[in-house]
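Below: one structure, written as structure tokens.
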Amino acid sequence: QVYLVESGGGSVQAGGSLRLSCEASRYTHCMGWFRQAPGKEREMVARINNIGRTTVADSVKGRFTVSQDNGKNTLYLQMNSLKPEDTAMYYCAAGSNIWSCSGDPPPYNYWGQGTQVTVSS
């Protein structure tokens with residue numbers, strides 16, 4: 001089992017920045033960030049695959065940056081130029097093997113409890 005704990009969420013003004021962190025209890029093959037706002041479907045925000053390739057959603061490209069530590073235990077999401085439409089619960093996800101890391105999006109088999117991000121006008 002892999003336990004994921006997110007941190008760094010909060011309330012900021014539009015144009016501000018936040019840095020989310022997701023700490024995994026052990027090594028993971030891949031990790032990613034999702035978000036979900038009330039009434040909307042879950043959206044993949046950014047991810048890093050098992051060989052270090054990064055992918056970001058078009059909606060956040062140029063504003064958000066995803067990264068991880070060398071041990072693949074911690075995932076970060078640097079969020080700049082935040083907009084009200086970025087308001088959502090942000091979830092960290094991870095895959096424990098190459099199969100759970102294959103696909104677009106990958107069928108991650110571990111999820112964190114989420115951290116709330118609220119961006120006001």
Side-chain angles (χ1 to χ4, degrees):
Q1 295 290 321
V2 177
Y3 298 93
L4 306 174
V5 180
E6 303 101 331
S7 62
S11 180
V12 298
Q13 295 286 321
S17 298
L18 285 173
R19 189 186 190 223
L20 305 184
S21 298
C22 174
E23 185 173 351
S25 60
R26 59 172 293 168
Y27 167 85
T28 61
H29 280 67
C30 60
M31 300 180 75
W33 289 100
F34 290 77
R35 67 185 183 185
Q36 188 166 23
K40 296 183 178 180
E41 290 198 0
R42 185 185 63 193
E43 175 189 20
M44 197 282 294
V45 178
R47 65 179 187 262
I48 300 179
N49 76 356
N50 57 303
I51 58 173
R53 295 178 184 174
T54 63
T55 302
V56 297
D58 289 341
S59 59
V60 303
K61 194 171 297 181
R63 300 187 297 119
F64 291 11
T65 302
V66 63
S67 61
Q68 66 183 160
D69 64 11
N70 292 333
K72 297 185 178 181
N73 285 91
T74 305
L75 186 72
Y76 304 98
L77 185 66
Q78 179 65 48
M79 305 186 294
N80 298 325
S81 301
L82 283 162
K83 304 175 181 179
E85 50 262 44
D86 295 319
T87 296
M89 183 71 74
Y90 283 71
Y91 297 92
C92 177
S96 61
N97 53 63
I98 61 172
W99 298 278
S100 62
C101 294
S102 299
D104 185 17
Y108 299 106
N109 54 337
Y110 295 100
W111 292 83
Q113 294 185 4
T115 184
Q116 179 68 40
V117 172
T118 302
V119 185
S120 59
S121 300

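Quick note: residue numbers are just sequence positions, from 1.
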### Query
Do other residues, nucleotides or ligands put more than 12 heavy atoms under 6.0 Å from Q116 CD?
yes

### Task
Evaluate the ring planes of W111 and F34, with Trp represented by its six-membered ring, and classify them as parallel (under 30°), tilted (30 to 60°) or perpendicular (over 60°).
tilted

### Single-linkage hydrophobic cluster, 4.5 Å side-chain cutoff, M89 and Y108 together
yes

### Task
Flag yes if more than 12 heavy atoms outside Y3 fall under 6.0 Å of its OH atom; otherwise flag no.
no

### Whether Q36 side chain and Y90 backbone form a donor-acceptor pair below 3.5 Å
no

### Message
Looking at Q68, I'd like to know if its CD atom is crowded, meaning that more than 12 non-hydrogen atoms belonging to other residues, nucleotides or ligands lie closer than 6.0 Å.
### Response
yes

#### Entry: Qualifying residue, where the test is side chain to side chain contact (heavy atoms under 4.5 Å, CB included) with L20 and the options are M79, Q78, R35
M79

### Query
Y76, L18: one ILVMFWY side-chain cluster at the under-4.5 Å cut-off?
no

### Task
Calculate, to the nearest 0.5 Å, the distance between atoms CG and OG belonging to N97 and S102 respectively.
8.5 Å

### Message
Taking D58 first and then K61, would you say they form a salt bridge - that is, a charged N and a carboxylate O separated by under 4.0 Å?
### Response
yes

### Query
How long is the span from the CG atom in N50 to the CD1 atom in I98, to the nearest 0.5 Å?
7.0 Å

### Rounded distance (nearest 0.5 Å) linking atom CZ of R63 with atom CG of D86
4.0 Å

## Note on the structure
The reported gap from OH in Y91 to CZ in R42 (rounded to nearest 0.5 angstrom) is 9.5 Å

### Query
Are L4 and M44 in one and the same hydrophobic cluster, where Ile, Leu, Val, Met, Phe, Trp and Tyr link if side-chain heavy atoms are under 4.5 Å apart?
no

#### Entry: Sub-4.5 Å side-chain heavy-atom contact between S59 and E43
yes

#### Entry: Stepwise side-chain contact (heavy atoms from CB on, under 4.5 Å) check, R47 with D104
CA-CA 10 Å; R47 65 179 187 262; D104 185 17; 2.9 Å; yes

#### Entry: Backbone N/O of C22 and side chain of E6: donor-acceptor pair under 3.5 Å
no

### Task
Kindly say whether I48 contributes a backbone atom to a donor-acceptor pair with the side chain of T54 at under 3.5 angstrom?
no

### Query
Is there side-chain contact between N73 and M31, with heavy atoms separated by less than 4.5 Å?
no

#### Entry: ILVMFWY cluster, V119 and V56 together (side-chain gap under 4.5 Å)
yes

### Query
Near Q1 CD, under 6.0 Å, is it more than 12 heavy atoms from other residues, nucleotides or ligands?
no

### Where S17 and V12 come nearest, the two heavy atoms and their spacing
O-CG1, 4.1 Å

### Summary
Value for OG1 (T65) from CG (N80), rounded to nearest 0.5 Å, stands at 6.5 Å

### Query
Can you name the closest pair of heavy atoms from S121 and A14 and give their distance?
CA-CB, 4.4 Å

### Message
Looking at every heavy atom in both H29 and S96, which two are closest together, and how far apart are they?
### Response
ND1-O, 3.0 Å

### Message
To the closest 0.5 Å, what do you measure between CG (N109) and OG1 (T28)?
### Response
10.0 Å

## Note on the structure
Taking every heavy atom of S100 against every heavy atom of G95, the minimum-distance pair comes out as OG-CA, 3.2 Å

